[in-house]
Amino acid sequence: MIRLQKFMASSGVASRRASEKLIEEGRVKVNGQVVTQLGTTVDPAVDEVQVDGQVIAAVSEMVYILLNKPPGFVTTAKDQFNRPTVLDLLHEVSTRVYPVGRLDYQTSGLLLLTNDGDLTLKLTHPKHEIFKTYVATVEGHIKSSSLETLKSGVDIGDFFTSPAEVTLIKATAQESVVRIAIREGKYRQVRRMFETVGHPVTALQRIELGQLNLSGLQEGKWRYLSDTEIDYLKNL
């Protein structure tokens, strides 16, 4: 027997956390009966599980994808405003996969997608802090004092950020380019950090996630992770 939300996650329906929400919303049936209790267990070999009326089955093969997301795409499976989603870029992928975390609409760069719900939960859970590295183009000539503030941590309203790794790449009177690595993943965190020190972001790209990077991958393109990369993520 296996917990229902874990079975759903391993079947590629959604992350375990999102699967729990589906259960609580009454959108899941087991053997024809609506189930809302998170402690429910199922036997995948015997029980029929439906989500929104669609029968789901255990996934025999896990898929792990690294995408170089362009700006102008949302990091969701569907969008209420009919904007293009990152899944629209995976034309050759027949397996249903889901983004691991999010990049906002105008942010570009490294994004993982998978049908491995357990790995998604691990990588997005606050206790598994993994460095996410960005290159930010910001307005104005950023001062050393502002860089030091970002390194020490800043109050972005509802959260005080942990110390960040910050390197100035170049600066002119009009704009600055800064490399910044953070462990957390709060909503629009990097943009809010730079706004706090008076330098709004005009362009933002995530270039690394832990040891994974975009080397040789053009914007809008994707590739499967290697076995070594998958093992690295699972053993974090």
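Side-chain atoms of L233 and L112, non-hydrogen and from C-beta on, do get closer than 4.5 Å to each other. For the pair T196/D155, no side-chain contact is recorded, criterion being any heavy-atom separation below 4.5 Å from C-beta on. Counting heavy atoms from C-beta on, the side chains of R16 and K6 come closer than 4.5 Å. In this structure, L147 and V178 have side chains that are in contact, with non-hydrogen atoms separated by less than 4.5 Å. Between L90 and L87 there is a side-chain heavy-atom pair separated by less than 4.5 Å. Between V135 and L204 there is no side-chain heavy-atom pair separated by less than 4.5 Å. Inter-residue side-chain proximity for N213 and I207 is flagged as unmet; no heavy-atom pair is nearer than 4.5 Å. The closest side-chain heavy-atom distance from S108 to P70 is not below 4.5 Å.
Here the OH atom belonging to Y134 is positioned 9.5 Å from the CD1 atom belonging to I180, to the nearest 0.5 angstrom. Here the OG1 atom belonging to T137 is positioned 13.5 Å from the NE2 atom belonging to H199, to the nearest 0.5 angstrom. Rounding to the nearest 0.5 Å places CZ of R3 at 9.0 Å from OG1 of T40. Expressed to the nearest 0.5 Å, how far CG of L225 lies from CG of L119 amounts to 9.0 Å. With rounding to the nearest 0.5 Å, the separation of CZ in R191 from OG1 in T202 is 8.5 Å. The distance from the CG atom of L113 to the OG1 atom of T95 is 12.0 Å, given to the nearest 0.5 Å.
Taking both residues in full, the closest heavy atoms of G210 and Y232 are given as CA-OH, 3.3 Å, listed atom of the first, atom of the second, then distance. When every heavy atom of Q106 is checked against every heavy atom of G72, the shortest pair comes out as OE1-N, 4.0 Å. Between F194 and A136, the closest heavy-atom pair is CE1-CB, 3.7 Å. A pairwise comparison of heavy atoms in G32 and K29 identifies O-CD, 3.8 Å as the closest pair. What you find for T124 and G101 is that their closest heavy atoms are CG2-N, 3.7 Å. Counting all heavy atoms, side chain and backbone alike, S19 lies closest to A9 at OG-N, 3.9 Å.
In the hydrophobic cluster analysis, where Ile, Leu, Val, Met, Phe, Trp and Tyr join through side-chain heavy atoms closer than 4.5 angstrom, V166 is grouped together with V190. When the side chains of ILVMFWY residues are joined at heavy-atom separations under 4.5 Å, either directly or via intervening members, L121 and M62 end up in two distinct hydrophobic clusters. Linking ILVMFWY residues whenever their side-chain heavy atoms come closer than 4.5 Å, directly or via other members, places I156 and L103 in the same cluster. Criterion: ILVMFWY side-chain heavy atoms under 4.5 Å apart, direct or through other members. Under it, I65 and L212 are not part of a common hydrophobic cluster. Put simply, L89 and V93 are part of the same group of oily side chains (I, L, V, M, F, W, Y) that touch within less than 4.5 Å, one to the next.
The environment of CD in E25 is crowded: more than 12 heavy-atom neighbours from other residues, nucleotides or ligands sit within 6.0 Å. Residue-environment remark: NZ (K151) exceeds the threshold of 12 foreign heavy atoms within 6.0 Å. With a 6.0 Å radius and a threshold of 12 heavy atoms from other residues, nucleotides or ligands, D43 has its CG atom above the threshold.
For the residue pair E184 and S162, a side-chain donor N or O sits within less than 3.5 Å of a side-chain acceptor on the partner. Between the side chains of N115 and Y98, not a single donor N or O lies within less than 3.5 Å of an accepting N or O. D104 and T107 form a side-chain donor-acceptor contact under 3.5 Å, judged by distance and modelled atom types alone.
Other residues sharing a hydrophobic cluster with V13 under the 4.5 Å side-chain heavy-atom criterion for ILVMFWY residues are I2, L4, F7, M8, L22, I23, V28, V30, V35, L38, V42, V49, V51, I56.
Here R17 does not pair with E20 in a salt bridge; the nearest charged N to carboxylate O distance is not below 4.0 Å. Using a 4.0 Å cut-off between a side-chain N of Lys or Arg and a carboxylate O of Asp or Glu, E229 and K234 do not qualify as a salt bridge. With respect to the salt-bridge test (charged N to carboxylate O, under 4.0 angstrom), the residues R192 and D158 qualify.
With sequence neighbours excluded, the residues satisfying ring-ring contact (aromatic ring centres under 6.0 Å, His included) with Y224 are W222. Listed by chain and residue number, R179 satisfy the salt bridge (Lys or Arg N to Asp or Glu O under 4.0 Å) test with E208 (two or more places apart in sequence, or in another chain).
Checking side-chain atoms of N68 against main-chain N and O of L110 turns up no donor-acceptor pair under 3.5 Å. Checked by atom type and distance alone, the side chain of T41 never pairs as donor or acceptor with a backbone atom of M1 at under 3.5 Å. In terms of modelled atom types and a separation under 3.5 Å, the side chain of D88 and the main chain of T85 share a donor-acceptor contact. Put simply, the side chain of K132 gets close to the backbone of R183: a donor and an acceptor are under 3.5 Å apart. Between the side chain of T149 and the backbone N or O of S145 there is at least one donor-acceptor pair closer than 3.5 Å.
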Side chain to side chain contact (heavy atoms under 4.5 Å, CB included) for I182 and M193? Distances and angles first, verdict last.
CA-CA 11 Å; I182 61 174; M193 290 173 70; 4.1 Å; yes
Which is it for V100 and L111 under the side chain to side chain contact (heavy atoms under 4.5 Å, CB included) test, yes or no, and what are the steps along the way?
CA-CA 7 Å; V100 179; L111 179 70; 5.9 Å; no
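Remark: R83 fails to qualify as a cation-pi partner of F73 under the 6.0 Å distance and 45° angle criteria applied to the six-membered ring.
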